[in-house]
Amino acid sequence: MDLENQNRVKNAAEIHGAENVVVVIGAAEGEAAGLAAETVTNGDPTYAGSLSGVSLGLRVIHCLEQEFKDAVDAAVYDEQIGMMEMVLNVDEIVAEMVSIREQYGKY
């Protein structure tokens, strides 16, 4: 997660309260998704951004997870994200997201 997005997420959590923020991740690889999820949950593990050492405890979901898919308009999902399901390793991404939520207790 780049530094600008770290600042945006941190500001949203400060303004709206961490309990009212869910971060939707769209990374194309499991490792990248996990790193972004860990950053907004437990703090930036690379110690490079504004979330370095800052544990926001935010809830996270990937746009390819079934819970997200079920929560949005099917036509919009298919138009905007549907192709990703065919070319990305969805199982790997979902497994990484589940692992991060289990590790940091964010279910």
Side-chain angles (χ1 to χ4, degrees):
M1 176 176 286
D2 67 29
L3 304 179
E4 187 175 326
N5 283 336
Q6 284 191 31
N7 286 330
R8 287 181 181 136
V9 169
K10 185 176 180 184
N11 288 338
E14 289 170 352
I15 292 168
H16 302 288
E19 69 280 2
N20 298 313
V21 176
V22 176
V23 178
V24 178
I25 296 173
E29 297 175 345
E31 187 176 342
L35 182 59
E38 183 176 356
T39 298
V40 300
T41 302
N42 193 52
D44 186 352
T46 67
Y47 298 100
S50 62
L51 295 181
S52 175
V54 177
S55 178
L56 295 177
L58 299 180
R59 293 173 291 163
V60 293
I61 191 165
H62 195 281
C63 65
L64 294 176
E65 289 187 85
Q66 191 63 46
E67 295 85 357
F68 179 82
K69 187 176 181 178
D70 292 343
V72 299
D73 181 273
V76 173
Y77 184 91
D78 286 340
E79 179 184 321
Q80 299 295 320
I81 301 173
M83 286 293 283
M84 289 175 61
E85 285 185 303
M86 292 185 267
V87 298
L88 299 179
N89 188 337
V90 175
D91 293 338
E92 176 186 290
I93 292 169
V94 170
E96 184 68 22
M97 296 302 293
V98 169
S99 174
I100 293 295
R101 287 192 294 264
E102 286 175 346
Q103 186 175 357
Y104 297 109
K106 285 297 163 186
Y107 264 102

Side-chain atoms of residues 73-80: list all donor-acceptor pairs with protein atoms under 3.5 Å, sequence neighbours left out, distances to 0.1 Å.
residue: Asp73; atom: OD1; partner: Ala75; partner atom: N; Å: 3.0
residue: Asp73; atom: OD1; partner: Val76; partner atom: N; Å: 3.0
residue: Tyr77; atom: OH; partner: Cys63; partner atom: O; Å: 3.3

Practice item. Please list all pairs passing the side-chain hydrogen bond (donor to acceptor under 3.5 Å, both in side chains) test where one or both residues lie in residues 8-28, with sequence neighbours left out. Key: Glu4-Arg8, Asn5-Arg8

Point to revise | Residue pairs, two or more places apart or on separate chains, that pass side-chain hydrogen bond (donor to acceptor under 3.5 Å, both in side chains) and touch residues 26-38 | key: Glu38-Tyr104

State which residues pass side-chain hydrogen bond (donor to acceptor under 3.5 Å, both in side chains) with [X]; sequence neighbours excluded, sorted by chain then number.
X	result
Asp70	Gln66
Ser50	Asn7
Ser52	none

Review point. Shared ILVMFWY cluster between Leu35 and Val54, side chains joined below 4.5 angstrom?
Key: no

Check your understanding: Any side-chain heavy-atom pair from Ile93 and Val90 closer than 4.5 angstrom?
Key -> no

Check your understanding: Do Val94 and Met97 come within less than 4.5 Å of each other through their side chains, counting heavy atoms only?
Key ->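 SC-SC contact between Val94 and Met97 ruled out.
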
Closer than 3.5 angstrom, by distance alone: can the side chain of [X] be matched with the main-chain N or O of [Y] as a donor-acceptor pair?
X	Y	result
His62	Ala27	yes
Ser99	Ala95	no
Thr41	Ser55	no

**Study point:** Residue of the set Glu92, Met84, Met86 for which side chain to side chain contact (heavy atoms under 4.5 Å, CB included) holds with Leu88
**Key:**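 So the option named by the test is Met84.
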
